[in-house]
2 protein chains.
Amino acid sequence: MTRENKAEPGLSDKAEECGEVACLRPQRLGAGQDPAKRKQILEGARRVFMRMGFDAASVNDITREAGVSKGTIYVYFNGKEELFEALCEDYRASMFADLMADIEHGLSGRDALVKFGVSLVTLITSEPVIRAQRIVIGVADRMPEVGARFYERGPKRGKALLKEFLDEQVAAGHLDIPDTELAAHQLSELFLAGIYRQRLFAAMPEEPSAELIRKNVIAAVDLFFIAYGPRRYQNGKSEDK
Amino acid sequence: MTRENKAEPGLSDKAEECGEVACLRPQRLGAGQDPAKRKQILEGARRVFMRMGFDAASVNDITREAGVSKGTIYVYFNGKEELFEALCEDYRASMFADLMADIEHGLSGRDALVKFGVSLVTLITSEPVIRAQRIVIGVADRMPEVGARFYERGPKRGKALLKEFLDEQVAAGHLDIPDTELAAHQLSELFLAGIYRQRLFAAMPEEPSAELIRKNVIAAVDLFFIAYGPRRYQNGKSEDK
DNA sequence: CTATTCTCGAACCAATCGGTTCGATCCCTC
DNA sequence: GAGGGATCGAACCGATTGGTTCGAGAATAG
């Protein structure tokens with residue numbers, strides 16, 4: 001019934017090389033092989049999941065939102081869970097790309113950290129990303145692999161990125177950090193202090209203001225530089241006891 | 001959902017205006033007034049919700065687990081949501097009590113902080129508490145009040161407790177902190193760095209070992225003392241720009 | 001004892017769930 | 001134009017959902 005789904009008449013068919021092995025089929029794409037239709041389904045699913053969460057969303061809702069018949073969905077995906085997993089995959093990639101795109105600058109150490117922190121906090125406390133995290137956390141009991149992959153592609157890569165940066169700063173003599181991995185953990189949590197968990201639990205209904213974020217990040221960087229700043233920190237002085 | 005209006009057929013109508021003030025009913029308890037039965041229902045509901053999450057749990061499951069008929073449940077609670085909210089109320093209280101019970105000591109500053117941190121991290125990254133948090137976060141979109149109250153009674157009170165402690169330490173001259181509220185935020189997030197989010201996302205399937213927790217907490221306290229420790233920190237040197 | 005009343009347990013409700021099937025139809029390729 | 005394959009759309013499936021009703025039976029109070 002004249003949906004917009006047949007946007008691409010017939011081009012774009014061999015866009016995706018048929019997975020990773022040779023696709024022998026000479027004509028057509030084979031059932032469930034049209035990447036445009038796949039994207040269309042995923043986009044509808046994304047909207048529905050974001051609006052209603054995983055359990056409350058029904059396949060019929062997705063059908064309606066995507067403008068695709070239920071039978072077709074089940075040709076492309078083997079059920080709601082697989083659809084959700086595929087969606088997470090896409091989502092993570094784009095989320096991380098957003099962050100990467102936002103930090104390509106050659107700032108000096110302190111400013112670079114602040115800039116990175118502001119981007120990070122702004123992104124992962126934004127409404128859509130918080131909603132996505134709530135959904136993933138909510139199903140983490142039933143689908144731990146999904147949750148774990150989400151963490152690995154998201155927060156873990158963010159921390160790895162931060163560790164790289166810290167390593168560079170240490171090498172350049174701008175920082176003096178005995179354990180950059182630990183430091184990356186600490187700093188990224190400091191960035192989020194007082195914002196992230198409130199947001200997750202819906203105890204902070206609105207997105208945090210840019211001022212709040214900036215104030216938080218600067219406080220974190222200050223604390224961080226006092227501890228790990230150039231000179232002034234002798235490592236051997238570990239805990240008493 | 002949304003049909004609570006015709007709940008009472010005609011009997012038991014004066015059961016609930018007893019509320020928290022004097023219940024005038026001289027004999028019997030009135031429908032839905034037996035605290036033991038209420039407790040029994042809540043206990044069954046707790047087990048079911050913990051095992052299956054909010055959406056996946058059905059009232060029939062709770063019926064079965066609690067050993068109570070469905071009709072009775074609907075006498076005590078107006079549906080699954082209300083049952084869940086009541087459950088959260090109980091749960092928060094007991095969780096916080098656990099933490100309080102674990103920190104009544106007169107240790108010196110640094111050791112006291114470590115002890116507090118270990119108790120805190122151990123508690124809120126434990127399997128049952130993590131599961132509870134996942135469930136609450138998962139429904140935070142649909143029931144933001146529940147999530148917000150959970151946060152206020154949990155993390156927020158924990159941070160308030162920590163702030164109190166820091167205030168005492170500052171007064172005693174053991175610490176030099178310009179903003180103890182911010183510092184409490186920072187320290188409590190530092191305690192959890194590298195553990196909490198992994199656990200939430202199921203990226204760390206097992207409860208963290210006591211060694212890991214202790215190592216993390218000590219690192220946090222070290223960092224904290226370097227920044228806020230006695231002397232050696234001149235406050236006026238705030239951030240540039 | 002009788003009268004009261006709370007709970008049980010099962011039947012019942014309409015709605016919806018995820019998932020399957022199948023003929024009609026559309027579009028592409030030849 | 002003809003043939004073939006992918007998609008549509010709707011009916012259909014059994015199971016289950018949150019929620020209601022009601023009579024039988026247990027327990028208590030007078």
Charged N to carboxylate O under 4.0 angstrom, K39(B) versus D90(B)?
yes
Any heavy-atom pair between the side chains of L113(A) and L162(A) that's under 4.5 Å?
yes
Would you find more than 12 non-hydrogen atoms of other residues, nucleotides or ligands less than 6.0 Å from K80(A) atom NZ?
yes
Examine dG9(C): is either OP1 or OP2 under 4.0 Å from a nitrogen or oxygen in the side chain of S69(B)? Give yes or no.
no
Taking the six-membered ring for Trp, is the centroid-to-centroid distance between F84(B) and F49(B) below 6.0 Å?
yes
Among dG19(C), dC8(D), dG18(D), the one nearest K80(A) by side-chain distance:
dG19(C)
Once you round it to whole Å, what is the distance between P of dC8(D) and OH of Y74(A)?
15 Å
If you look at every strand shown and take non-hydrogen atoms under 4.0 Å, does A56(A) touch a base, only sugar-phosphate, or nothing?
nothing
For atom CD1 of I73(A) and atom P of dG18(C), their distance in whole Å:
11 Å
Close side-chain approach of K159(A) to R197(B), heavy-atom, < 4.5 Å:
yes
Give the rounded distance in Å between these two atoms: CE of M52(A) and C1' of dT16(C).
12 Å
Spacing between F54(B) atom CZ and dG18(D) atom P, to the nearest angstrom
8 Å
Select base, sugar-phosphate, or nothing to describe what K37(B) touches, counting heavy atoms under 4.0 Å on all strands.
sugar-phosphate
Take the protein atom CZ of F77(A) and the nucleotide atom C1' of dG19(C), then report the distance between them rounded to whole Å.
16 Å
Which residues pass the salt bridge (charged side-chain N to carboxylate O under 4.0 Å, His left out) test with R47(B), sequence neighbours left out?
E43(B), E65(B)
Whole-Å gap separating P (dG19(C)) and CD (E81(A))
8 Å
Contiguous pairing runs of three or more, Watson-Crick or G-U under 3.5 Å, that involve DNA chain D:
C:1-5 with D:26-30, C:7-27 with D:4-24
Which whole-number value in Å describes the distance from K70(B) NZ to dT20(D) C1'?
9 Å
So, OP1 or OP2 of dC6(C): does either fall under 4.0 Å of a side-chain N or O from Y76(B)?
no
Atom CD of Q40(A) and atom C1' of dA6(D) are separated, to the nearest Å, by 14 Å
Are any non-hydrogen side-chain atoms of E207(A) and P128(A) less than 4.5 angstrom apart?
yes
Are any of T72(B)'s side-chain N or O atoms less than 4.0 Å away from OP1 or OP2 of dC8(C)?
yes
